[in-house]
Amino acid sequence: MAQALALAQEAALLGEVPVGALVVGADGAVLGRGFNRTIIDHDPTAHAEVVALRAAAAQLRNYRLPGLTLYVTLEPCVMCIGAMLHARLARIVYGAHDPKTGACGSVLDVGAVAQLNHHTSITGGVLAEPCGELLRDFFRQRRQKVSRESRA
């Protein structure tokens, strides 16, 4: 998760919402890395998780990623949990809960839908405080900048 946090900080430096993700093999090898790139790539699907999944799939030359774990600093949204389930990940580990768009229990619990043909282990709250603080600081700074600009 510490590596995912470092990726999230890279996103923040680029003006992206600071979310980082990595896909890791059973041996601990990092197979895919990503951070939010929706703004710089002009791509609504370029969430950290999707970027990391694409990198891992390209490296393994397979769209299925069984036995792998994805670490992400923020609870995945519906799009991202859907992509992770389609990839057949073994495990998802996330940091901060997302009370607005979280799809792993905060708003929805997509992984708990029994009718889905694949299920994965989901663990939330890992390093939740530093993951959440990075997001809070980012949005606090963004609000302050907007406030300063509106006064000028």
Side-chain angles (χ1 to χ4, degrees), residues 1-25 28-60 63 65 68-87 89-113 116 119-152:
M1 190 62 76
Q3 289 181 51
L5 266 167
L7 289 166
Q9 290 167 339
E10 284 187 53
L13 292 173
L14 295 170
E16 294 279 355
V17 174
V19 178
L22 12 118
V23 177
V24 178
V30 176
L31 301 170
R33 291 177 172 80
F35 54 79
N36 274 4
R37 303 180 54 87
T38 57
I39 298 167
I40 59 177
D41 287 354
H42 311 288
D43 181 356
T45 69
H47 289 195
E49 301 95 310
V50 173
V51 174
L53 286 171
R54 287 175 179 158
Q59 181 168 327
L60 296 175
Y63 71 105
L65 304 173
L68 305 184
T69 300
L70 186 139
Y71 294 87
V72 61
T73 57
L74 181 64
E75 180 179 0
C77 70
V78 172
M79 175 186 69
C80 291
I81 187 68
M84 288 181 244
L85 292 173
H86 280 292
L89 289 174
R91 186 171 177 225
I92 299 164
V93 179
Y94 69 88
H97 297 280
D98 186 347
K100 294 186 178 185
T101 63
C104 294
S106 290
V107 176
L108 299 171
D109 196 353
V110 174
V113 176
L116 294 175
H119 294 90
T120 185
S121 169
I122 301 173
T123 303
V126 176
L127 294 182
E129 188 52 39
C131 291
E133 190 59 34
L134 181 60
L135 286 156
R136 286 187 293 276
D137 286 348
F138 176 82
F139 286 111
R140 185 179 310 115
Q141 290 173 12
R142 183 180 272 181
R143 285 189 301 274
Q144 289 171 350
K145 180 181 177 193
V146 167
S147 178
R148 283 192 305 271
E149 289 172 354
S150 69
R151 285 190 306 246

For the residue pair [X] and [Y], what are the closest heavy atoms and their distance?
| X | Y | result |
| --- | --- | --- |
| Ala21 | Ala52 | O-CB, 3.8 Å |
| Cys131 | Ala96 | CB-N, 3.8 Å |
| Tyr71 | Ala4 | O-CB, 4.3 Å |
| Cys77 | Ala103 | C-CB, 3.5 Å |
| Gly15 | Ile39 | O-CD1, 3.7 Å |

Exercise. With side chain to side chain contact (heavy atoms under 4.5 Å, CB included) as the test, would you mind laying out the steps for Leu31 and Leu60 before giving the verdict?
Key: CA-CA 8 Å; Leu31 301 170; Leu60 296 175; 4.0 Å; yes
Quiz prompt | Lys/Arg N to Asp/Glu carboxylate O, Arg54 vs Asp41, below 4.0 Å | solution =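 Salt bridge between Arg54 and Asp41, a charged N being under 4.0 Å from a carboxylate O: no.
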Rounded to the nearest 0.5 Å, what separation is found between the [atom1] atom of [X] and the [atom2] atom of [Y]?
| X | Y | atom1 | atom2 | answer |
| --- | --- | --- | --- | --- |
| Leu127 | Met1 | CG | CE | 6.0 Å |
| Glu129 | Arg136 | CD | CZ | 5.0 Å |
| Arg140 | Asp137 | CZ | CG | 4.5 Å |
| Leu65 | Leu89 | CG | CG | 5.5 Å |
| Leu85 | Ile122 | CG | CD1 | 6.5 Å |

Note, [X] side chain near [Y] side chain (heavy atom, < 4.5 Å):
| X | Y | value |
| --- | --- | --- |
| Leu135 | Leu74 | yes |
| Thr38 | Glu16 | yes |
| Met79 | Val50 | yes |
| Leu14 | Phe35 | yes |

Tell me whether [X] contacts the main-chain N or O of [Y] through its side chain, where contact means a donor paired with an acceptor under 3.5 Å.
| X | Y | result |
| --- | --- | --- |
| Asn36 | Val17 | yes |
| Thr69 | Val24 | no |
| Glu75 | Gly124 | no |
| Glu49 | Val72 | no |
| Thr120 | Arg91 | yes |
| Gln59 | Gly32 | no |

Quiz item: More than 12 non-hydrogen atoms from neighbouring residues, nucleotides or ligands closer than 6.0 Å to NE2 on His119, yes or no?
Solution: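 Yes - once you tally the heavy atoms of other residues, nucleotides and ligands closer than 6.0 Å, there are more than 12.
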Quiz prompt | Polar side chain donor-acceptor pair, Ser147 to Arg151, under 3.5 angstrom | solution = yes
Exercise. Go through Val78 and Val107 one step at a time and tell me if the side chain to side chain contact (heavy atoms under 4.5 Å, CB included) criterion holds.
Key: CA-CA 10 Å; Val78 172; Val107 176; over 6 Å; no
Exercise. Begin with the C-alpha distance, continue with both residues' side-chain angles, and end with the deciding distance and a verdict on side chain to side chain contact (heavy atoms under 4.5 Å, CB included) for Ile81 and Cys104.
Key: CA-CA 8 Å; Ile81 187 68; Cys104 294; 3.9 Å; yes
